[in-house]
*Asks:* 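There's a structure below that I have some questions on.
Sequence positions, counted from 1, serve as the residue numbers for this chain. Hydrogens, waters and symmetry mates are skipped; everything else that's a heavy atom, side chains included, is used.
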Amino acid sequence: MKLLLYIIFLNFIVLISATGNQVLASGNFSYQQTGGFQADTSRRNAQTSGTDTTGTEKLEYSARDSTVVDKANEIIYLYGKARVVYQGLELDAEYISYNSKTKVLFARGIKNAKGKYIGRPIFKMDGQGTSLADSIRYNTETGAGNIWEVFTEQEGGFFTGGKAKKQPDDEIHSKGQIFSTCNLPHPHFGIFITKGIVTENQIITGPVYLKIEDIPLPIGLPFAFFPKPNKRSSGVILPNPGEDATRGFFLRDGGYYLGLNDYWDAKILGTIFTRGSYEGSLYSNYTKRYKYNGSVNFRYSNSRYGVEGTPEYAPKKDFNLMWNHSQNANAKPGTNFSASVDAGTSSFNENTAGGSSYDYSQFTKNTLRSSVSYGKVFGNGINLSIAADGSQETQTKTVSLRLPDLSLSVPTFNPFDSKDRLGEQKWYQKITVGYSMQASNSITTTEDQLFKKEALNNFKNGVNHSIPINMAFNLFNYFNFNTGINYSERWAFQTIEKTYLRVVNGGDVQKIDTISGFRRNGEYSLSMGTSTKIYSTAQFTKFGNFKALRHVMTPQVSFSYRPDFSDVKRGYYKNAMYEDGSAVLDQRGLPVKYSIFEGSVYGGPGSGQNASLSFGLDNTIEAKVANPKDTTGTGEKKIPIIQGLGINGSYNFLATEYKLSNLSFNGRSQFSEKLGINFFGTLDPYQYRDSIIGTSQMPVRYRIDRYTWQEGRLPRITSFGFSTDYSLNPEALKRRNKNEEKLKDELATGGMTPEQSEALAKVSRDPNAFVDFKIPWNFSFGYTFQYNDAGLTSSITNTLNFNGDANITPKWKVQFNSGWDFKAGTFSQTSLSIYRDLHCWDMSVSWIPFGAYQFYSVDIKVKASVLQDLKLSKRKNYYTRY
């Protein structure tokens, strides 16, 4: 009943838009024959035009073939692509006649030699869309008129057939019309209106019923009465019935709609289940044109599972808040405010089947993230941003909040340069200074402790200041040289004090006390570095199409120095003490020190001094080959072999041992548009020794301060991995990404229905949910491999994911998404979808055949969002408790 009322209401809203003002549609077409001409008639040849003036009104007309004027009867006949313009009416047809006495305008098409009816009247009223009909009769004086077999589009719907008549008092009488979202002149389905009367403020109808493929269905109403408001209004929302496998039968999303004004609305909805569960929600959209738009969705649920009387039947109370806000980029240049909030209880998606979406990606979502930020760029380039963000881990039920998080940055400037300088900068004028500041107030706790009073004492806060001073210049025209000093100062409002407790036959236990109060620490470092590029090219003349090989090396060397700030005299570190006041010593007999800023937001200076030489080498190799498609024999093309192969490391001159760091390498190669590979790894330059511990005879491997090449061996690979993506149709991926971006842009600009918003969210969670028949086929896969050596043990992990789709016919598409779990030796989460385009309807089949989240659904629905309730669904969800 809700569906039918909704459809009929939309039907007549569109009817008002389609037939308002002066011209309406009517019934079966019948030819109007033109009588014989009198002797005093005049005939005008092809491409004629003219003007008929009656009083102060002017009627303009033209015709391609001929114009005949019957002066005695004051009738004008127009033949062949005739056109009439009168006040706000524009009319085109194969035949038009106008009677100046009766003020009646008539238009129709004609039958061609094959008996096909062509040249139907096409008309447009002032402020209305274009409509098509079999014939039209219109009185220019009274404004009354009839239209037979109209076809017009209004607000996403189409009116076809029937007859409608506009009375001089603006009342509309309609008969035998069909409203549908199918854009064919003979629609596949529609709501058939037997008769109706439309006035300015209300709609009264006789029987209305649903037709599918011209078959009347026994779904209708004997009569109906609807108010026709000229503005958004409030009203009751009827619930949708259904069944949940675990919570029983339900009435879902019934409630009330509040049309508050043109900029703000709200929906209050509720759902009840026969087994004791219930849900409620408040959804609101708001917008201010050219300023901002957003939405708020608060949901609450009380879920019961199991059998009544058992512990599982106890109520599970959950809530979720989603808030999205975006600001128009031109609203306040230099200022931005945005919000993306997804917060609530960690068990909300689990207990409500993903917010009743039955989407396994929602149900298995492990993290909820929220962010609210404000940013402002001042005229002098200073950037200020204030943010509050948080994350929730649904499995551990932990919450991390930063409230607020403040950042201030000043653009670099040249303090010794002059605005009036002429000529090149002197060396000291190249010195640049910058400043940045971050401040944070954060906490990490559990959900049940977050809103307790004690949680306020667990917030950690601090401020970090950074002042970089740099100078860069070219050395000998080939080397880029830079040097600088960086100073960092941190402010903390909590520090710690450690006390060690001796344990018999066990290790020492640390007792940590938090001490409130302001403390600061500062450190500085010096750095300098240089880089250049080295080019080498090898030319070949005897290797067929292979012409040249080019190698570009980019070496980088830098040196940095940082003093030791762990001296207890500075006050940043303290010597560790036992409860009896004695010092804690390490294995070498030296005092153990700890930082009083340990665990603070920005920490404190590191221990030990550092004088490091960092080095790196990046390589690019490409080949030049003759282009076989170039018939001139001079065309060449470049083929990248290695687009980046780099190795990096550092050497600390002041370290007491292990001065050389591990060496890391990474690279990438794009062999073709369809295949590329990224690789990475770590090399350990030190030797290892194997040994046996005690009587347990347990083997261990330990590192020694001796390089592998001292024994004639290369550094040991401790980790290595690579990943590759391959697409048989890369253009399909580009098109799909473009479609997703387009949908996101539409969401950002507003104007989407809740159904369209949910469809977009589904596409964001699963790109295969977007069906595009313009992509004939696609198959792609991604593979990742990683090896790790932990000494005596090593591990290998590799994953394979693949997906694709294909148009079996121009109207059938099959999609799949799967992967292979090498550890389990079986397929990972696999889904299969079949889609059938039924013109104005969609049919889709989704199936997850095996695994933890087995599922299937079959849906047949109308494409247009205005009739989203007109659908037939059959599904079985994985969401099952018993």
Side-chain angles (χ1 to χ4, degrees), residues 284 286-288 291-298 319-346 348 365-394 396-412 434-447 449-451 455-468 488-494 518 597 599-603 744-745 747-748 750 761 764:
S284 177
Y286 59 89
T287 184
K288 188 171 184 180
K291 296 292 184 180
Y292 55 80
N293 60 73
S295 63
V296 179
N297 189 7
F298 177 79
F319 73 92
N320 179 261
L321 172 66
M322 300 185 72
W323 175 35
N324 290 285
H325 179 95
S326 60
Q327 178 179 305
N328 190 298
N330 298 321
K332 290 184 178 181
T335 302
N336 181 61
F337 177 78
S338 63
S340 177
V341 175
D342 184 3
T345 54
S346 297
F348 177 83
K365 185 164 63 174
N366 294 326
T367 305
L368 304 179
R369 299 189 182 278
S370 302
S371 176
V372 180
S373 63
Y374 168 83
K376 183 174 180 60
V377 179
F378 298 91
N380 52 8
I382 296 177
N383 193 333
L384 172 67
S385 65
I386 304 173
D389 58 65
S391 64
Q392 295 175 252
E393 298 296 328
T394 59
T396 60
K397 298 187 183 299
T398 58
V399 180
S400 297
L401 292 179
R402 289 193 300 172
L403 184 67
D405 188 71
L406 186 146
S407 177
L408 176 69
S409 64
V410 177
T412 58
Y435 171 76
S436 65
M437 183 269 289
Q438 295 82 36
S440 181
N441 182 51
S442 62
I443 184 175
T444 299
T445 184
T446 58
E447 287 183 8
Q449 298 294 323
L450 179 61
F451 296 103
L456 296 175
N457 300 324
N458 295 328
F459 272 93
K460 296 180 179 180
N461 35 63
V463 182
N464 181 46
H465 307 268
S466 178
I467 303 177
S488 297
E489 177 161 320
R490 308 173 186 91
W491 296 349
F493 299 92
Q494 302 94 12
F518 173 79
F597 300 99
S600 63
V601 176
Y602 297 106
K744 292 177 182 178
D745 291 340
L747 178 61
S764 300

*Asks:* Give the ring-plane orientation class for Phe493 versus Phe518, where under 30° counts as parallel, over 60° as perpendicular and anything between as tilted.
*Replies:*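 Because their plane-to-plane angle lies in the 30° to 60° range, the rings of Phe493 and Phe518 count as tilted.
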*Asks:* Of all heavy-atom pairs between Val341 and Ser371, which one has the smallest distance, and what is that distance?
*Replies:*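 In this case the closest contact between Val341 and Ser371 is CG2-O, 4.4 Å.
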*Asks:* With rounding to the nearest 0.5 angstrom, report the OG to CZ distance, Ser373 to Phe337.
*Replies:*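 Reported value, rounded in 0.5 Å steps: 7.5 Å.
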*Asks:* Mind checking what makes side chain to side chain donor-acceptor pair (under 3.5 Å) contact with Ser400, not counting sequence neighbours?
*Replies:*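 Residues passing side chain to side chain donor-acceptor pair (under 3.5 Å) with Ser400: Thr444.
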*Asks:* Return yes if a side-chain donor-acceptor contact under 3.5 Å exists between Ser338 and Ser326, otherwise no.
*Replies:*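 Result is no, nothing qualifies.
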*Asks:* Mark yes or no for whether Lys460, through its side chain, and Gly599, through its backbone, hold a donor-acceptor pair below 3.5 Å.
*Replies:*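 Between the backbone of Gly599 and the side chain of Lys460 there is a qualifying donor-acceptor contact (under 3.5 Å).
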*Asks:* Answer whether the closest heavy-atom distance between the side chains of Thr396 and Thr446 falls below 4.5 Å.
*Replies:*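 Not in contact.
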*Asks:* Would you say Asn464's side chain and Arg490's backbone share a donor-acceptor pair under 3.5 angstrom?
*Replies:*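 Side chain of Asn464 to backbone of Arg490, a donor-acceptor pair under 3.5 Å: no, none is there.
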*Asks:* Atom CE in Met322, atom CG in Asn324: separation rounded to 0.5 Å?
*Replies:*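 Spacing of CE (Met322) from CG (Asn324) equals 6.0 Å.
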*Asks:* Which pair of non-hydrogen atoms, one from Ser600 and one from Gly603, has the smallest distance, and what is that distance?
*Replies:*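 Here Ser600 and Gly603 meet closest at OG-N, 3.0 Å.
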*Asks:* Would you give the length of the straight line joining atom OG of Ser370 to atom CG of Leu401, rounded to the nearest 0.5 angstrom?
*Replies:*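 One gets 9.0 Å once the value is rounded to the nearest 0.5 Å.
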*Asks:* Can you check whether Leu406 reaches Met437 side chain to side chain, under 4.5 Å on heavy atoms?
*Replies:*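 In contact.
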*Asks:* Are Leu368 and Phe348 side-chain neighbours, meaning at least one heavy-atom pair lies under 4.5 Å?
*Replies:*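 No, too far: nothing below the 4.5 Å cut-off.
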*Asks:* Examine distances only and state if a side-chain atom of Thr394 and a backbone atom of Asn366 form a donor-acceptor pair shorter than 3.5 Å.
*Replies:*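 Yes, because the side chain of Thr394 sits within donor-acceptor range (under 3.5 Å) of the backbone of Asn366.
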*Asks:* In the structure I gave you, are the side-chain heavy atoms of Asp342 and Asn320 within less than 4.5 Å of one another anywhere?
*Replies:*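 In short, these two side chains touch, coming nearer than 4.5 Å.
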*Asks:* Any idea which heavy atoms bring Ser440 and Val601 closest together, and the distance?
*Replies:*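 Minimum heavy-atom separation between Ser440 and Val601: CB-CG1, 3.9 Å.
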*Asks:* Just one of Val410, Leu408, Val377 clears the side chain to side chain contact (heavy atoms under 4.5 Å, CB included) bar with Asn383, so which one?
*Replies:*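 The passing option is Val377.
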*Asks:* As an exercise, state the distance from CG of Leu384 to NZ of Lys376, rounded to the nearest 0.5 Å.
*Replies:*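 With rounding to 0.5 Å, CG (Leu384) is 9.0 Å from NZ (Lys376).
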*Asks:* When you compare the side chain of Gln392 with that of Glu447, does any pair of heavy atoms fall below 4.5 Å?
*Replies:*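 Side-chain contact under 4.5 Å: yes.
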*Asks:* Of all residues at least two apart in sequence or in a different chain, which pass the side chain to side chain donor-acceptor pair (under 3.5 Å) check with Gln494?
*Replies:*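 Per chain and number, Gln494 pairs via side chain to side chain donor-acceptor pair (under 3.5 Å) with Asn461.
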*Asks:* When you measure from the centre of the six-membered ring of Tyr286, is the NZ or CZ of Lys288 under 6.0 Å away and within 45° of the axis?
*Replies:*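 No, a cation-pi geometry is absent between Lys288 and Tyr286.
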*Asks:* To the nearest 0.5 Å, what is the distance between NE2 (His325) and OG (Ser295)?
*Replies:*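 Between atom NE2 of His325 and atom OG of Ser295 there are 11.0 Å.
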*Asks:* List the atom of Ala388, the atom of Leu403, and the distance in Å for their closest heavy-atom pair.
*Replies:*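 Taking every non-hydrogen atom into account, CB-CD1, 3.4 Å.
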*Asks:* Between atom CH2 of Trp323 and atom OG of Ser284, what is the distance when rounded to the nearest 0.5 Å?
*Replies:*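 It is 12.0 Å, given to the nearest 0.5 Å.
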*Asks:* Could you tell me whether Lys291 atom NZ has more than 12 heavy atoms of other residues or ligands within 6.0 Å of it?
*Replies:*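 Atom NZ in Lys291 is not packed in, count stays at 12 or less.
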*Asks:* Does Thr345 have any side chain to side chain donor-acceptor pair (under 3.5 Å) partners at least two apart in sequence or in another chain, and if so, which?
*Replies:*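 Checked Thr345 against side chain to side chain donor-acceptor pair (under 3.5 Å); matches are Asp318.
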*Asks:* Report yes if some heavy atom in the side chain of Tyr602 is under 4.5 Å from a heavy atom in the side chain of Phe597; otherwise report no.
*Replies:*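 Contact flag for Tyr602/Phe597 side chains = no.
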